[in-house]
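Remember, it's 1-based here, ligands and their atoms both numbered in the order they're listed.
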Amino acid sequence: MTPVTAKIPQHVAIIMDGNGRWAKQRGLPRLEGHRRGVETVRTVVDAAREIGIRYLTLYAFSVENWQRPPDEVSGLMGLLDFFLRRELDNLTKNRVRLHTIGRTQELPENVQRELRRVTDATASFTEWHLVLALNYSARTEIVDAARAYAAAVAAGHTSPDATTWDTFGRYLYTADLPDPDLIIRTSGEQRISNFLLLQGAYAEMVFTPVLWPDFGAGDLQAAVTEFARRERRFGLTSEQVKPATS
Ligand code: FPP
């Protein structure tokens with residue numbers, strides 16, 4: 001019998017939640033939770049590669065997160081800048097390519113500069129991919145794609161009659177990425193919060209009560225094991241997707 005762990009998702013996307021509660025439980029400022037969250041990011045990027053997950057997407061900052069208190073927003077931007085400076089060596093050493101999805105052009109200049117530096121330095125890697133969702137929301141993604149698509153139609157590059165999911169999908173931020181197979185949310189919340197709404201159409205969902213700063217390699221492996229147990233049917237019947245038994 002094939003061990004369940006043999007079914008490794010190609011693309012795992014994570015809604016990293018619970019930094020604030022982790023800090024509150026310890027009487028620490030919220031930013032301390034985010035700081036610990038950055039350490040978890042390093043752990044999980046390494047663990048994902050060891051498990052064999054080729055694409056890892058992390059929801060690091062949503063369009064809605066700008067509405068948090070200004071010192072939390074600037075603290076998060078500072079941590080992002082710190083993370084990018086610190087991780088360049090680790091990503092390069094492990095041949096991990098960095099991608100971003102979201103309106104990154106609205107991020108602070110210093111963060112944009114670091115993002116360019118790391119994405120350029122890792123652009124030739126093909127096996128492992130880390131995708132940071134930054135200033136991301138699925139609804140703004142659709143709006144941006146619709147605008148770009150309408151402009152392409154107006155310029156005569158494509159026609160509305162030729163629209164299919166595949167041709168329209170090329171205008172999404174994720175044009176070069178496979179759909180997520182597994183979406184994990186930490187901290188016990190059970191919602192999607194405007195994350196990869198279309199790309200996650202057939203993703204398996206795993207919700208764990210573990211707060212993001214406490215999430216470790218074992219928790220990622222547990223989610224992958226749970227994924228391997230699930231039967232993915234993509235609208236077919238169980239009989240259609242089950243491999244024939246001899
Ligand atoms: C959710 O926890 C987390 C965020 C809004 C930000 C996630 C950011 C990080 C893990 C650090 C920066 C990331 C990178 C890639 C450098 P929350 O604050 O909503 O927690 P709560 O629901 O317990 O308040």
Among the heavy atoms of N65, does any lie under 4.0 Å from an atom of ligand 1? yes

Give a yes/no verdict on whether any heavy atom in S187 is under 4.0 Å from an atom of ligand 1. no

Check salt bridge (Lys or Arg N to Asp or Glu O under 4.0 Å) between R26 and all other residues, then give those that pass, not counting sequence neighbours. none

Would you say [X] and ligand 1 have an N/O pair spaced under 3.5 Å apart?
X	value
W212	no
R30	yes
G20	yes
N19	yes

Looking only at side-chain N and O atoms, does D71 offer a donor or acceptor that is under 3.5 Å from a partner on S74? no

Only heavy atoms of V38, strictly under 4.0 Å: list the atoms of ligand 1 that pass. 11 (C), 12 (C), 16 (C)

Less than 6.0 Å separating the ring centroids of Y55 and W128? no

Salt-bridge contact R232-D181 (side-chain N to carboxylate O under 4.0 Å): yes

Thinking salt bridges, do E189 and R21 make one under a 4.0 Å N-O criterion? yes

Would you call the rings of Y149 and Y171 parallel, tilted or perpendicular, where under 30° means parallel and over 60° means perpendicular? perpendicular

Roughly how far, to the nearest 0.5 Å, is the OG1 atom of T57 from the CD1 atom of I14? 9.0 Å

Of all the non-hydrogen atoms in the protein, which one sits nearest to [atom], and at what distance?
atom	value
atom 3 (C) of ligand 1	M16 O, 3.2 Å
atom 8 (C) of ligand 1	A60 O, 3.7 Å
atom 14 (C) of ligand 1	L80 CD1, 4.2 Å

Relative to ligand 1, is R68 under 4.0 angstrom through side chain, backbone, both or neither, heavy atoms considered? side chain

I'd like to know whether Q199 forms a side chain to side chain donor-acceptor pair (under 3.5 Å) with D179, so could you lay out the CA-CA distance, the side-chain angles of the two residues, the decisive distance to 0.1 Å, and finally the verdict. CA-CA 5 Å; Q199 298 88 339; D179 286 346; over 6 Å; no

